[in-house]
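Report on the following structure.
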Amino acid sequence: MADQYAQYGEDSKPTETPAIRWEEPPEGPVVVLLDQTRLPAEEVELVCTDASTLVEAIRSLAVRGAPLLGVAGAYGVALAAVRGFDVDEAANALAGARPTAVNLAVGVRRAQAAHRAEYARSGDPEQAATAALTAARALHEEDAEASARMAERGLALLDELLPGGGYRILTHCNTGALVSGGEGTAFAVALAAHRTGQLRRLWVDETRPLLQGARLTAYEAARNGMAYTLLTDNAAGSLFAAGEVDAVLIGADRIAADGSVANKVGSYPLAVLARYHHVPFIVVAPTTTIDLDTPDGASIEVEQRPGHEVTELTAPQVPTMGAEAGGGIPVAPLGTQAYNPAFDITPPELVTAIVTEEGAVSPVTAEALAGLCARSRPVST
Ligand SMILES: CSC[C@@H](O)[C@@H](O)C(=O)COP(=O)(O)O
């Protein structure tokens with residue numbers, strides 16, 4: 001393991017292994033995932049030959065993060081179509097695999113709609129499958145493009161709020177290339193700051209229960225040669241108190257119409273800390289994460305994860321694919337009940353700004369968000 005990290009020096013390069021890709025080997029089309037449950041120990045690819053394998057990969061977090069879930073869902077529909085499975089059944093299973101990240105359902109429904117429309121037009125299942133794949137590929141590309149624009153807009157906002165650079169940015173969970181067709185959401189902004197010499201330090205949070213900060217964001221920061229420090233989530237308070245945080249940048253899994261933000265559990269306490277310490281709390285997400293059909297934070301379904309993620313240590317393979325019990329090292333007495341929501345909700349009044357590919361809203365109001373969504377590209381297939 002020591003050697004594994006030793007290669008990630010200042011000159012290290014981002015991983016060449018994309019988080020997701022569509023491949024067409026002679027045996028038939030597949031969706032290939034970089035298995036995120038195995039990072040940072042090893043880069044292992046997971047080959048999905050059908051939608052149900054992909055559903056399991058989504059549930060087990062082998063593929064995760066809001067934008068990438070949308071892309072994965074869309075490719076899953078295309079896979080079912082190309083391989084002659086029941087597309088609507090696959091679409092429902094994929095869309096229901098995780099409830100909070102709205103992008104998953106958005107991606108699935110987009111590919112499904114493309115498939116349906118083409119089938120209604122031509123009556124040809126092959127052409128319909130091609131239409132679903134085209135929609136998935138388009139979503140993948142759009143996500144990369146949105147990511148680049150968010151990075152640009154996020155950096156401009158930082159410059160406006162904190163002129164002079166030298167940013168010490170605290171981020172939570174993982175929002176980089178592992179969750180996107182591009183370089184991600186919040187992480188992409190920090191990376192842009194790094195590339196322009198304006199990032200002094202990236203504070204990396206989310207060290208339990210799934211360790212996405214420790215396993216994934218630290219991995220991405222190291223691979224990009226960024227100055228970063230990992231902290232336990234409960235160390236954030238003392239870091240703020242010491243005046244070591246200039247801005248908090250996080251992603252989002254769903255943004256309700258009133259501007260409430262669902263993101264990895266632990267985001268809300270950071271927003272409270274940021275407000276108390278007069279530090280900007282900035283959410284970076286594509287417009288596809290804004291869900292105008294969900295009126296407010298209370299209406300967002302928060303995924304509850306299995307208790308063993310809290311009562312046991314299972315990293316770096318967190319959790320084992322398909323396992324109900326963790327099979328890890330116990331850190332609580334057997335039978336301990338755990339409260340393990342995957343996400344929490346930050347109310348709009350604690351959010352300084354929401355940055356999207358279409359622009360930023362600040363202050364965050366329902367009217368401003370609705371206006372932004374009206375300006376954003378219409379969904380096309
Ligand atoms: C880049 S999008 C932001 C979120 O998807 C991310 O912060 C997050 O909470 C991911 O949660 P996960 O449970 O790992 O899918």
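Starting from 1, each residue takes its place in the sequence as its number.
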Whether over 12 other heavy atoms sit under 6.0 Å from Tyr268 OH
no

Do the charged groups of Arg223 and Glu43 touch, with an N to O distance under 4.0 Å?
yes

Salt bridge Glu244-Arg168, side-chain N to carboxylate O under 4.0 Å
yes

Charged N-O contact under 4.0 Å between Glu301 and Arg98
no

For Gln127, does the CD atom have more than 12 heavy-atom neighbours from other residues, nucleotides or ligands under 6.0 Å away?
yes

Can you confirm whether Ile255 sits close enough to Leu369 that some side-chain heavy atom of one is under 4.5 Å from a side-chain heavy atom of the other?
yes

Does the pair Arg116/Asp88 count as a salt bridge with the N-to-O cut at 4.0 Å?
yes

Could you tell me which non-hydrogen atom of Ala66 sits nearest to which non-hydrogen atom of Asn103, and how far apart they are?
O-CB, 3.1 Å

Is Glu89 atom CD crowded by more than 12 heavy atoms from other residues, nucleotides or ligands, each under 6.0 Å away?
no

Would you check if there is a donor-acceptor pair between the side chains of Thr289 and Arg254 at a distance under 3.5 Å?
no

What I want to find out is whether Glu45 reaches Arg21 closely enough, with some N-O distance under 4.0 Å, to be called a salt bridge.
yes

Test Leu162 against every option in Ile169, Leu157, Asp246 by the side-chain contact (heavy atoms from CB on, under 4.5 Å) rule and name the one that passes.
Asp246

Rounded at 0.5 Å granularity, tell me how far NE2 in His194 sits from CG in Asn224.
6.5 Å

Decide if atom CD of Gln337 counts as having more than 12 heavy atoms of other residues, nucleotides or ligands within a radius under 6.0 Å.
no

Any chain of hydrophobic side-chain contacts (each under 4.5 Å) joining Leu68 to Leu46?
yes

Taking Ala332's backbone N and O only, do any of them form a donor-acceptor pair with Thr336's side chain (distance below 3.5 Å, no angle check)?
no

Quick check: do Glu220 and Pro40 have side-chain heavy atoms less than 4.5 Å from each other?
no

